[in-house]
Amino acid sequence: MSDRHAIVRVRHPLKMRPLQVVRVVRLTPHMVRVTLAGDDLHDFVSASPDDHVKLFFPVADGALNLPTLGPEGPVYPEGVEPSPSRDYTPRRYDAARQELEIDFVLHGEGPASTWAEHAAVGDRLGVGGPRGSMIVPRDYDHYVLVGDATALPAIGRWLEEWPETIPMTVLVEVPSNEERQVLQRDVRWFVAGESPGLDEALASLPLPPGDTFWWVATESGRARAMRSLLVERRGIDKDFVKATGYWQA
């Protein structure tokens, strides 16, 4: 890959932040936006749209048993149930207000979805990271963003944070039409199980002229298949493709 398209990876000081819920908004029937606040956000940095933080949730008795972050990773206090954790994309950070927005897909199971479904002002949550950012250069001729509902927070950031003069094609699959969101640019929406599907659309998408960066975020096995489709079947330079599994079936 030429220097012209070099991805820059930056590391951030790893910090654990106990935060409090200050707003909860239901965006769609199965997507809720939770706004967190706290003084510990004063030095929060998220340099890339697809960064992730680790969220730590209260245990059954409501306690937030957070780890300390050592060189070997998180270390939990002895004798207590560790707070379960999951990775999430920071949807938006407001430095002036010291507020962090996280969007949750409500899928009916697991500590994150269960917590988000019942989240209320005053609830507490631990946030660790981001540990680092992968900064994609803005010197490609075109960008294609492909994802399912779990990718919407990252895609939303791409569309808000990047200049509208940068050409982007956006393909998003949601469980139903009710799960569409109003985003900064036009999006081609697909409904799971309906035809044409997201995979079919990606396979037949005309290749934009010049160099294109392809960003894919879906279920892990599907993301691998989409990467294979782009690199092996469509002949796209593997360095121009980033395909990430955001969840596992």
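Just so you know, these numbers come straight off a predicted model, no measurement behind them.
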Give the minimum heavy-atom separation between [X] and [Y], together with the two atoms involved.
X	Y	answer
T244	A223	O-CB, 3.5 Å
P90	V53	CG-CG1, 3.9 Å
I102	T89	CD1-O, 3.9 Å
A63	S83	O-OG, 4.1 Å
R124	W115	O-NE1, 4.0 Å
P130	H12	O-CB, 3.4 Å

key: Audit row: L229, L202, side chain to side chain contact (heavy atoms under 4.5 Å, CB included) steps and yes/no   = CA-CA 9 Å; L229 161 72; L202 184 61; 3.9 Å; yes
How far does [atom1] of [X] sit from [atom2] of [Y], to the nearest 0.5 angstrom?
X	Y	atom1	atom2	answer
L36	Y93	CG	OH	12.0 Å
Y76	F56	OH	CZ	4.5 Å
T35	R97	OG1	CZ	9.0 Å
K54	M16	NZ	CE	9.5 Å
E179	L27	CD	CG	9.5 Å
L171	L145	CG	CG	8.5 Å

Are any side-chain N or O atoms of [X] and backbone N or O atoms of [Y], one a donor and one an acceptor, separated by less than 3.5 Å?
X	Y	result
D87	H52	no
S133	S46	no
Q20	G122	yes
R91	R33	no
R224	R227	no
D50	A154	no

Side chains of [X] and [Y]: closer than 4.5 Å at any heavy-atom pair?
X	Y	answer
K242	V216	no
H142	M168	no
V34	F104	yes
L66	P18	yes
E178	T28	no
V22	E99	yes
L183	L152	yes
V32	L106	yes

Distance-only side-chain donor-acceptor flag, H5 / D239, under 3.5 Å = no
Indicate if [X] and [Y] have the same hydrophobic cluster label, given that clusters are the connected sets of ILVMFWY residues with side-chain heavy-atom separations under 4.5 angstrom.
X	Y	result
L55	V24	yes
V75	L64	no
I7	V10	no
L207	Y140	yes

Ignoring hydrogens and angles, write down the donor-acceptor pairs under 3.5 Å from the side chains of residues 186-200, residues two or more places apart or on other chains.
| residue | atom | partner | partner atom | Å |
| --- | --- | --- | --- | --- |
| D199 | OD1 | R222 | NE | 3.1 |
| D199 | OD1 | R222 | NH2 | 2.6 |
| D199 | OD2 | R222 | NE | 3.3 |

key: Neighbour count above 12 (heavy atom, 6.0 Å) for D39 CG   = no
query = Given the side-chain rings of Y143 and W162, with only the six-membered ring counted for Trp, is the space between their centroids under 6.0 Å?
reply = yes
ask   = Taking 4.0 angstrom as the limit, do E101 and R92 come out as a salt bridge?
value = yes
inquiry  = Taking the basic N atoms (NZ, or NE/NH1/NH2) and the acidic carboxylate oxygens, is any pair closer than 4.0 Å for R17 and D43?
reply    = yes
ask   = Please walk me through it: do M226 and W214 pass side chain to side chain contact (heavy atoms under 4.5 Å, CB included)?
value = CA-CA 10 Å; M226 287 182 171; W214 302 75; over 6 Å; no
task = Determine the sole option in D237, L230, V144 for which the side-chain contact (heavy atoms from CB on, under 4.5 Å) test with T212 is passed.
result = V144
